[in-house]
Amino acid sequence: MKNAWYLVCESSMRWLISVALLLTYAQAQSSASGVTFAKAETIPSPVLYPTSMAAGDLSVGGEVGFGVVGNEEPGLCASFGVPKNPSPTLAPWNCSGFAGDAPVQVVFADVNLDGNMDAVATDADLPLVTVGLGNGKGQFRPDAGLYAQCGYATEAVAVADINGDGIPDIVATVLGVANNPSCLAIFLGEGKGKFSKAQEISSGGSTPFSVAIGDLNHDGIPDLVIGNYGLPFYGDYGDVAVLLGNGDGTFQKPRHFAGLRDPFQVILVDLNGDGNLDIAAVANDQAVVWIALGKGDGTFYPGNSYPAGDEPISIITADFNGDGIPDLAVANYVNPKPCYVSVLLGNGDGAFQKPTHYSVGVSPQQIVTAHFTGDGKPDIATINGGDSTISILLNTTQFPTKKP
């Protein structure tokens, strides 16, 4: 029979073993939650002072290609660029006259449903959206010039089926001045890459610099979130506006959510795993990411801010460390050096850890993510307006081993 002293020792030993196992587990989780990237490879941009870059499968072959525009030069340059360890290599750039005179932003989407990625771009000189149809070989032919009437230039663009007919539509933000209000221009798709004339509605504010599309209230209809930068000279410091969709390509009146001054870019993602889309936004005059968790009915809880480095100007989301939780990365538009991007690991509850910084070219203006090397890990690329370069950060994180 075990005596009392033996039982006490046995109990203490079990407790110590339990504590050791918990500490080991915690250390393993901490190690697994880290993120690392290889030293950035920085290469010349095909255009002077690039303003936007898109990444996607341009050849329907699973390899990530790039498209780059800059508002100092007309057209778009595309490459079947596939970075490889230890040094990224890009195929020769194929530059065309597509994308208007002063393209600001470019996105890839299959707008004519032929299986090839097409390019859609905004313009800094005109209230214009240009559409270039892709041929699956990294080439784009100009197909449509879509004009709005409510402003002087287009800034941001997004593509989605907003009226439920199975055909992609285009939503663009249009910039105005104090006596010529900004607006949203909606071009409904008619099939085969053709679009209707612009339907123009209020962006809910001034100087709409970004647009995100998602179903905020679970009715199966896409809604809009707009980052209205405002007109600070006139005391208008902007806000985030939500426009709930009606399902026919029209939208309800904007609802305003304050908390972030001069929002520059907004994205939508479920950050806390509750099935509701949340807002993540940056403003380049504030060193934070602003998070507003969604309630699932088109409204949001009061926002929280998390450090994101100096002058965050562009934001993306991906699971950078393989823990199943969305993370964030931002381009920090700083100049002079050191120039960097910041990665914020998510905790799974909508909160974020302190940022880790990774050096890139001068004044990174936009950040994108994709699986550049085919290893299943999201990598990062930036376009850098300060030295007309592209920086590529390959993800070297040791992802957790998946259980069989």
*Other residues, nucleotides, ligands: >12 heavy atoms within 6.0 Å of Lys295 NZ*: yes

Just by modelled atom types, is the [Y] backbone N or O under 3.5 Å from a matching donor or acceptor in the [X] side chain?
X: His357; Y: Gly309; answer: no
X: Thr397; Y: Phe399; answer: no
X: Asp270; Y: Gly275; answer: yes
X: Asn384; Y: Ser363; answer: no
X: Asn71; Y: Pro103; answer: no
X: Glu73; Y: Leu48; answer: yes
X: Thr42; Y: Ser391; answer: no
X: Glu311; Y: Gln286; answer: no

Measuring from [X]:[atom1] to [Y]:[atom2], what's the distance to the nearest 0.5 Å?
X: His371; Y: Asp57; atom1: NE2; atom2: CG; value: 12.5 Å
X: Phe187; Y: Phe195; atom1: CZ; atom2: CZ; value: 9.5 Å
X: Ser203; Y: Ile226; atom1: OG; atom2: CD1; value: 6.5 Å

With a cut-off of 3.5 Å and sequence neighbours excluded, list every side-chain donor-acceptor pair involving residues 205-215.
{"unit_1": "Ser206", "atom_1": "OG", "unit_2": "Asp236", "atom_2": "OD2", "d": "3.1"}
{"unit_1": "Thr207", "atom_1": "OG1", "unit_2": "Gly230", "atom_2": "O", "d": "2.8"}
{"unit_1": "Ser210", "atom_1": "OG", "unit_2": "Val266", "atom_2": "N", "d": "3.1"}
{"unit_1": "Asp215", "atom_1": "OD1", "unit_2": "Asn217", "atom_2": "N", "d": "3.4"}
{"unit_1": "Asp215", "atom_1": "OD1", "unit_2": "His218", "atom_2": "N", "d": "3.0"}
{"unit_1": "Asp215", "atom_1": "OD1", "unit_2": "Asp219", "atom_2": "N", "d": "3.4"}
{"unit_1": "Asp215", "atom_1": "OD2", "unit_2": "Asp219", "atom_2": "N", "d": "3.4"}
{"unit_1": "Asp215", "atom_1": "OD2", "unit_2": "Gly220", "atom_2": "N", "d": "2.8"}

Taking atom types as modelled and ignoring hydrogens, do the side chains of [X] and [Y] form a donor-acceptor contact shorter than 3.5 angstrom?
X: Asp274; Y: Asn276; result: yes
X: Asn332; Y: Ser342; result: yes
X: Thr173; Y: Glu155; result: no

*Residues which pass ring-ring contact (aromatic ring centres under 6.0 Å, His included) with Phe257, listed by chain and number, not counting sequence neighbours*: Phe300

_Residues that Tyr49 engages under ring-ring contact (aromatic ring centres under 6.0 Å, His included), provided they are two or more places apart_ = none

*Looking at Phe320, is Lys377 sitting on its ring face, NZ or CZ under 6.0 Å from the six-membered ring centre and within 45 degrees of the normal?*
no

*Show the numbers, then the answer: is there a side-chain hydrogen bond (donor to acceptor under 3.5 Å, both in side chains) between Gln366 and Ser52?*
CA-CA 6 Å; Gln366 187 189 356; Ser52 179; 2.8 Å; yes

*Could you walk me through whether Tyr333 and Tyr340 pass the ring-ring contact (aromatic ring centres under 6.0 Å, His included) test, one step at a time?*
CA-CA 8 Å; Tyr333 191 68; Tyr340 56 88; over 10 Å; no

